[in-house]
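Written out below as structure tokens is the structure these notes cover.
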Amino acid sequence: MLRILYVLYIWLLGVPFFLILTLLTALITIAGCLLGGEHIFSYYPGMIWSRLTCYMALCPVKVKGREHIKSGQSYVFVANHQGAFDIFLIYGFLGIPVKWVMKAGIMKIPFVGAACRAAGFIFVDNSTVTAATKSVQEAEKVLKKGASIIVFPEGSRTYDGKMIRFKRGAYQMAIAQSLPIIPITLNGPFHVLPIGSLNIKRYCLEMIIHPPISTVGLESTGKEQQKLAEQSQETIASVLWEEFK
């Protein structure tokens with residue numbers, strides 16, 4: 001009975017509220033960034049949108065490890081990718097402004113794509129080697145300006161909640177700028193809304209922020225990048241719920 005009531009609540013109230021909130025957030029972000037307030041409007045509207053989405057879904061949120069993030073320091077954050085609610089969990093509760101590295105296909109979403117462009121987010125195009133290289137270069141420009149970025153090194157959401165092999169792009173960027181990498185473990189989004197599903201479920205969301213991994217003095221070689229990828233993936237996996245290991 002409770003499940004039926006939750007489904008009715010989500011589709012009659014939650015989804016319409018989310019769609020209206022998404023449109024308002026996109027318009028506010030576009031307008032604010034175009035008027036010169038990118039440092040404010042690329043973060044706060046999206047942060048509020050994400051938090052309200054989690055609250056709307058009635059999903060309790062637990063965050064551990066915020067003390068590992070130092071104010072004024074730029075980072076390359078890497079996280080496992082369980083489902084759509086990964087974005088709301090990180091954007092809403094990480095606690096600092098970040099630029100997202102996202103798939104180029106998001107540009108096609110009405111209003112959302114335009115808002116992401118206005119906010120200075122990085123779109124990754126892996127259709128060709130040249131396009132992929134250009135995406136990395138754009139991300140490095142953002143990092144040089146003192147921003148932090150968030151990357152899902154798996155490249156796509158998992159189909160079973162378990163991680164797949166991490167790609168090296170995020171680590172190439174971190175080494176090039178000598179920036180620390182902070183691994184983030186996400187638990188729960190897979191149960192709320194996995195890939196290919198529209199069946200939202202109420203579930204606890206957990207984000208664990210790990211200590212930074214230094215890249216100072218490392219050479220930007222494939223071997224070093226792969227070593228960092230494996231190290232951060234092992235760190236993330238260490239506190240995954242047993243069902244996701």
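Just so you know, these numbers come straight off a predicted model, no measurement behind them.
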Identify the heavy atoms of Val192 and Cys59 that sit nearest to each other, and give their distance.
-> CG2-SG, 3.9 Å
Can you say whether the rings of Trp100 and Phe152 are parallel (under 30°), tilted (30 to 60°) or perpendicular (over 60°)?
-> tilted
Any donor-acceptor N/O pair, Asn80 side chain to Leu186 backbone, under 3.5 Å = yes
Any chance CZ of Arg165 has more than 12 other-residue heavy atoms, nucleotides or ligands included, within less than 6.0 Å?
-> no
Quick one: do Glu38 and Lys99 make a salt bridge, cutoff under 4.0 Å?
-> yes
Geometric class of the Phe88/Phe18 ring pair [parallel <30°, tilted 30-60°, perpendicular >60°] = perpendicular
Looking at Ile181, Ile182, Leu143, Ile149, which one forms a side-chain contact (heavy atoms from CB on, under 4.5 Å) with Tyr75?
-> Ile182
Heavy-atom closest pair, residues Glu219 and Ile175 = C-CG2, 3.8 Å
Go through the steps to decide whether Glu206 and Lys64 satisfy the test salt bridge (charged side-chain N to carboxylate O under 4.0 Å, His left out), and finish with yes or no.
-> CA-CA 8 Å; Glu206 181 182 65; Lys64 303 176 183 177; 3.7 Å; yes
Least distance between heavy atoms, Tyr43 atom then Gly95 atom | OH-C, 3.6 Å
Between Glu230 and Lys227, does at least one N-O distance fall below 4.0 Å, as a salt bridge requires?
-> no
Distance flag, aromatic centroids of Phe244 and His191, threshold under 6.0 Å | yes
